Amino acid sequence: MTSLKVNINGVDFKNPVIAASGTFGFGEEYSEYFDVSRIGGISSKGLTINPKAGNEGRRLHEVTGGLINSIGLQNPGIDEFIELEIPKMRSLNTVILANMGGGTMDDYLAGASKLDKADVDIIELNISCPNVKSGGMAFGIKSCVAHEVVSEVRKVTKKPLMVKLSPNAEDIVEMAVKCREAGADSLSLVNTFKAMAIDINKRKPVFRNIFAGLSGACIKPMALRMTYEVAGAVDIPVIGMGGIMNAEDAIEFIMAGATAVQVGSANFVKPDIMLDIIDGMEAFMKREGIKSIDEIRGIARG
Amino acid sequence: MTSLKVNINGVDFKNPVIAASGTFGFGEEYSEYFDVSRIGGISSKGLTINPKAGNEGRRLHEVTGGLINSIGLQNPGIDEFIELEIPKMRSLNTVILANMGGGTMDDYLAGASKLDKADVDIIELNISCPNVKSGGMAFGIKSCVAHEVVSEVRKVTKKPLMVKLSPNAEDIVEMAVKCREAGADSLSLVNTFKAMAIDINKRKPVFRNIFAGLSGACIKPMALRMTYEVAGAVDIPVIGMGGIMNAEDAIEFIMAGATAVQVGSANFVKPDIMLDIIDGMEAFMKREGIKSIDEIRGIARG
Amino acid sequence: MSSKYLKAKVASNEKIAEGIYRMVVEGDYSANPGQFYMLRAWGVEPFLSRPISIHGITDAGIEFLYEVRGTGTEIFSKLKAGDELELLGPVGNGFDLETIKGKVAVVVGGIGIAPMYEVMKHIKDSTVDFYAGFRDEVYSVDYMKEYADNVIISTESGSVGHKGYVVEQLDASKYDYILSCGPTPMMKVVKEMGEKVGTPVYVSLESHMACGVGACLGCTCNTKKGKERVCKEGPVFLGEDVSLDD
Amino acid sequence: MSSKYLKAKVASNEKIAEGIYRMVVEGDYSANPGQFYMLRAWGVEPFLSRPISIHGITDAGIEFLYEVRGTGTEIFSKLKAGDELELLGPVGNGFDLETIKGKVAVVVGGIGIAPMYEVMKHIKDSTVDFYAGFRDEVYSVDYMKEYADNVIISTESGSVGHKGYVVEQLDASKYDYILSCGPTPMMKVVKEMGEKVGTPVYVSLESHMACGVGACLGCTCNTKKGKERVCKEGPVFLGEDVSLDD
Ligand SMILES: Cc1cc2nc3c(=O)[nH]c(=O)nc-3n(C[C@H](O)[C@H](O)[C@H](O)COP(=O)(O)OP(=O)(O)OC[C@H]3O[C@@H](n4cnc5c(N)ncnc54)[C@H](O)[C@@H]3O)c2cc1C
Ligand SMILES: Cc1cc2nc3c(=O)[nH]c(=O)nc-3n(C[C@H](O)[C@H](O)[C@H](O)COP(=O)(O)OP(=O)(O)OC[C@H]3O[C@@H](n4cnc5c(N)ncnc54)[C@H](O)[C@@H]3O)c2cc1C
Ligand SMILES: Cc1cc2nc3c(=O)[nH]c(=O)nc-3n(C[C@H](O)[C@H](O)[C@H](O)COP(=O)(O)O)c2cc1C
Ligand SMILES: Cc1cc2nc3c(=O)[nH]c(=O)nc-3n(C[C@H](O)[C@H](O)[C@H](O)COP(=O)(O)O)c2cc1C
Ligand code: FES
Ligand code: FES
């Protein structure tokens, strides 16, 4: 019997394949296309304490092996999420991660307090959000800033707290260590890479904010490296992501030390790609005589 | 008359398209395939004071939109470069950049002193090399370390000094500013991104050194972003590179503020791709009625 | 009309004008006119699927009419009978053909003609005037005539019909409803003409899309109700509800 | 024998065994037997071109024999007559056929057979024993016989010829020269057999390649003279000069 089951911070997952925040809505949109209950979990679109309209102008730009997005955290706000979306998400019968962002410390704390009482399994704290106070540099760049946010959020919730790291961090390993010290129960990485594109005919940046976030197959080799480094530096579960397109990619992350993986942009390539990934992982394990995913976790670390 | 001419630190380039270090040998290998004198310049393969055999084991791994390499600076050493390669390079009739690396401060200084007296137009200082003294962390990660190397190298050469930045720098803007303060005449960026791959059948990293450098189309959106940021932070010429595959890409870098560009991995896709890029840039300029590349440099910065 | 992700075989794919192709894909389809599909005929590169409107649904399958613009549509243009295509859809809302009745004008520019064949086929108990503008070469109008009471052609080059823009031929006040699809500047003029005389105008918008199913929020436009998704609440909007400014 | 980068049309591309194809590409070619080409039939994805040996050069063009292993060779297998292919080459050194004379053994495993047809064609004033090992299905041997004095087949499954490994059939001491191409473990055995009895063994190596022209130093192997480039100083090396350890 091959088992893909994993446990993260006391929460049981059918398998280690989780839909990444912002690419899967609240799961409902995709439930028309496949049996969403088969995936390990869903990380909700990024939530903020107040509803957010998101960014103006172009929001997407395709590049080789991926895309750049500038959605700007459009979301209905945590209250509406709790009231309208959680019940629907629950009916999808899989683990719910509430992905939460914020522009100030207060936003984070207010959001976390509300989510603490909501019917979600894990809070995924997105620290890639621009810090309003420090001129827009994201919370996730300097470890000391991240440490402060995570410590404070830790105080207001008893839910499992997964901190989602930004690949733009100055030092991803130090960042991981600091977040763990500050009370993170698990870490997920990576968020999107800071990138840009220029429309040479219009002679200006494609995006209003100039910079936006790169995701997709193109970031995988870097995301895998960061996952490997972080998994070696902390003793809490690490959830890897970034450009995972198939079962082989997912297995690389597991062998690098990830407890589970998240799949984001790949959902745009094929709506039910996560089922292919789950089935492919199971087939690989059967072929190699691997009974539990624990047998290969971190195995490439030697 | 459309002119692609540029001048960098007093050196005239026919056009702003330069072959990137390590991807074009010393130029000779490609001269069989096209008229190499048509390109703006050649950055030599990375040189070190002593000959280097480079890394053992697999050196290349293909990924979506690019490749990961672990060559390990294999090169014949600066003496042999000066004696045997420079004369051949000169006969290719284009600008010569001597790309130089090192494992210690002494290596850099000894190398730069020799190159100072050699027939090269520009020294391109590669600070992405692992610093033997600090446990292998590259010189190009922390600005203070880079500042020290550049300052010292500056003292031993009067040649134009171009410092090649690593995208793995903790803060690429601060890095650029520090390198300029330390005496760099120009900056080139980016070198390869720290990445990795795992062979899931062998259950171990593809490369002996585990980590290796990512290049190719996949890195372009990040390299362009860094070029844009750096060009906004310093008043010396910035030479952009990273995933440039065609004329449109090259123009994006120019519009982001680059004085010239380098083309690396794209040479593997089509040996004479730099000619396509040069011709394409010229065609774009004609179509848009642009007489000199100066008219569009940095234009996307608003 | 439930949406699906499926693979199907190309039945035919012919060039009908310079850079314009009509492709028929095998299978059994049903959709609301004005809906579209996310199409794909490649691996990971280009990364995203391409939104293409339903041009027609017949017993033989589904028809797409498309213009070659870049990598994706270029690949479509090279597909041959028997090649495989991935389809996700039908997605989007389409036109509300229960409401749209009476004297109807359909105003299209260039490839904006694509969704309107299936739309006109389903407009009932109405007279339909079909206004079509092209740069130079005229296409698809021949069989469009089947469902139009009047066909009014404009070309910028003057090669066929009125020389100039399609909107120059339109008197919005003559109609109960106007349906429009084409370049944004054209739809903006039509929308304004309708607003001036109180004729409701429906526009079919374009936007860069990733998921196509409403999950990524990449394709939003500004409407009276705030941001709405072109792939979900759209692509068809009531002109007065939606902003056509970039 | 100067190297070029060119585009050429596929003349034919047929499956000759399970997963094995023979492709003929139009044009006028000349090369040293054992050299290879960097082939490409796609845009940027996959990123790198694929090294494929010259299987044969005829008046009709150049022949490649290849096994489908992954994305690149899969794309090759789908090419049809008239499709375009990009070729960079011929590259590498090839076999030194001025030296190789007398009693010659050619020892191949699987798709390692590819370069040897052109090689055997050009071995002059010699007797050539051709040892070919396969897993199960035997291919290309029929026309290889043209240039071989003796053909000795082995299959691991025993379906044809000797059941077992090809090297089990070989007595290195009988030959003046041995030429080998195939899986590294096989070539290692052949090299050692040669070294034991003093027969020079030439091996044709594989390596992951980027540039194919000697510029990137990505394909090096360890030789007595230090690192050498498989794409430039190789792919053919004298066995005793080169290390076959990973
Ligand atoms: C709802 C909808 C229906 C459409 N119906 C049709 C149709 O029936 N026939 C037709 O010819 N075209 C239609 N289009 C436009 C078509 O999707 C684009 O022309 C096509 O995506 C261009 O892809 P490309 O690879 O050829 O061009 P590229 O320029 O290489 O595309 C690059 C990127 O931009 C996106 N893109 C480029 N142009 C557009 C655009 N105008 N709108 C949205 N995304 C774009 C692509 O999806 C891709 O992500 C429709 C668009 C939308 C949104
Ligand atoms: C000098 C030389 C001559 C060759 N001649 C032939 C021939 O005549 N017929 C034939 O069938 N094969 C030949 N090969 C092997 C052939 O190049 C590989 O099978 C092919 O590159 C695999 O590509 P893929 O996309 O199908 O597989 P993938 O596994 O998708 O390739 C992934 C990557 O690995 C590289 N790669 C994979 N396997 C090899 C390999 N064994 N050697 C080098 N690179 C590899 C590819 O270039 C690519 O970068 C030769 C190799 C070399 C070095
Ligand atoms: C359109 C889009 C929206 C995203 N929104 C969020 C978000 O709201 N919160 C968050 O933490 N990450 C967000 N992400 C990042 C993804 O969750 C993921 O970290 C990243 O895309 C890398 O994974 P991938 O390469 O598999 O897409 C978004 C990504 C995309 C493409
Ligand atoms: C095979 C290979 C070898 C390289 N060797 C060097 C080197 O010796 N010195 C250096 O500064 N950069 C080296 N680079 C980095 C390139 O010069 C360039 O900075 C990088 O590849 C990004 O550009 P690209 O995406 O156009 O390749 C090497 C890159 C590759 C792919
Ligand atoms: S394309 Fe994703 S929401 Fe419309
Ligand atoms: S492949 Fe570049 S040196 Fe051989």
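Quick caveat: nothing in here was measured; it's all calculated off a predicted structure. Each chain gets a letter, A, B and so on, in the order its sequence line appears, and its residues count up from 1.
Counted within 6.0 Å of NZ on D:K9, heavy atoms from surrounding residues, nucleotides or ligands total 12 or fewer; the atom is thus considered open. Within a 6.0 Å sphere centred on CD of D:E18, other residues, nucleotides and ligands contribute 12 heavy atoms or fewer. Annotation: B:K88, atom NZ; neighbour count of heavy atoms from other residues, nucleotides and ligands within 6.0 Å is above 12. Taking a 6.0 Å sphere around NZ of B:K204, one finds it holds 12 or fewer heavy atoms contributed by other residues, nucleotides or ligands. Summarising the local packing, CZ of B:R90 is surrounded by more than 12 heavy atoms from other residues, nucleotides or ligands at distances under 6.0 Å. Heavy-atom contacts from other residues, nucleotides or ligands closer than 6.0 Å to CZ of B:F211 number more than 12.
D:L217 is listed as a side-chain neighbour of B:R59, based on a closest heavy-atom distance under 4.5 Å. A 4.5 Å side-chain heavy-atom check between D:C211 and B:F24 finds every atom pair outside the cut-off. B:E29 is listed as a side-chain neighbour of D:R229, based on a closest heavy-atom distance under 4.5 Å.
Contact between D:Y5 and B:Y33 at its shortest, heavy atoms only, is N-CD2, 3.8 Å. When all heavy atoms are compared, the tightest approach of B:T23 to D:A215 is O-CB, 3.9 Å. Closest approach of D:K227 to B:A53, counting heavy atoms only: CG-O, 3.3 Å. Nearest approach of D:G43 to B:V269, heavy atoms of both residues: O-CG1, 4.5 Å.
For chain D, the nearby parts of B:E56 are the backbone and the side chain; heavy atoms of each come within less than 4.5 Å. Residue D:D245: no heavy atom, backbone or side chain, is found under 4.5 Å from chain B. Residue D:K4 touches chain B through its backbone alone, counting heavy-atom pairs closer than 4.5 Å. B:N55 touches chain D through its backbone: at least one of N, CA, C or O sits under 4.5 Å from a heavy atom, while the side chain does not. In this structure, chain D has heavy atoms under 4.5 Å from both the backbone and the side chain of B:T64.
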Q.
Let's go through B:E32 and D:V213 carefully: what are the C-alpha distance in whole Å and the side-chain angles of both, what is the deciding distance for side-chain contact (heavy atoms from CB on, under 4.5 Å) to 0.1 Å, and is it a yes or a no?
A. CA-CA 9 Å; B:E32 241 182 294; D:V213 303; over 6 Å; no

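For the atom pair B:K270 NZ and D:R40 CZ, the distance stands at 11.0 Å (nearest 0.5 Å). Rounding to the nearest 0.5 angstrom, the gap separating the CG atom in B:N267 from the SG atom in D:C216 is 10.5 Å. With values rounded to the nearest 0.5 angstrom, D:L48 atom CG is found 10.5 Å from B:H61 atom NE2. Between the CE atom of D:M209 and the CZ atom of B:F268 there is a distance of 13.0 Å, given to the nearest 0.5 Å.
When the candidates B:G25, B:G66, B:G264 are compared by the number of heavy-atom contacts under 4.5 Å with chain D, B:G66 comes out ahead. Put simply, of B:S265, B:G72, B:G216, the one with the most heavy-atom pairs under 4.5 Å next to chain D is B:S265. Top candidate by heavy-atom pairs under 4.5 Å with chain B, chosen from D:P46, D:S207, D:G212, is D:P46.
Between the side chains of D:H208 and B:R58, at least one donor N or O sits under 3.5 Å from an acceptor N or O.
Checking side-chain atoms of B:E62 against main-chain N and O of D:F47 turns up a donor-acceptor pair under 3.5 Å.
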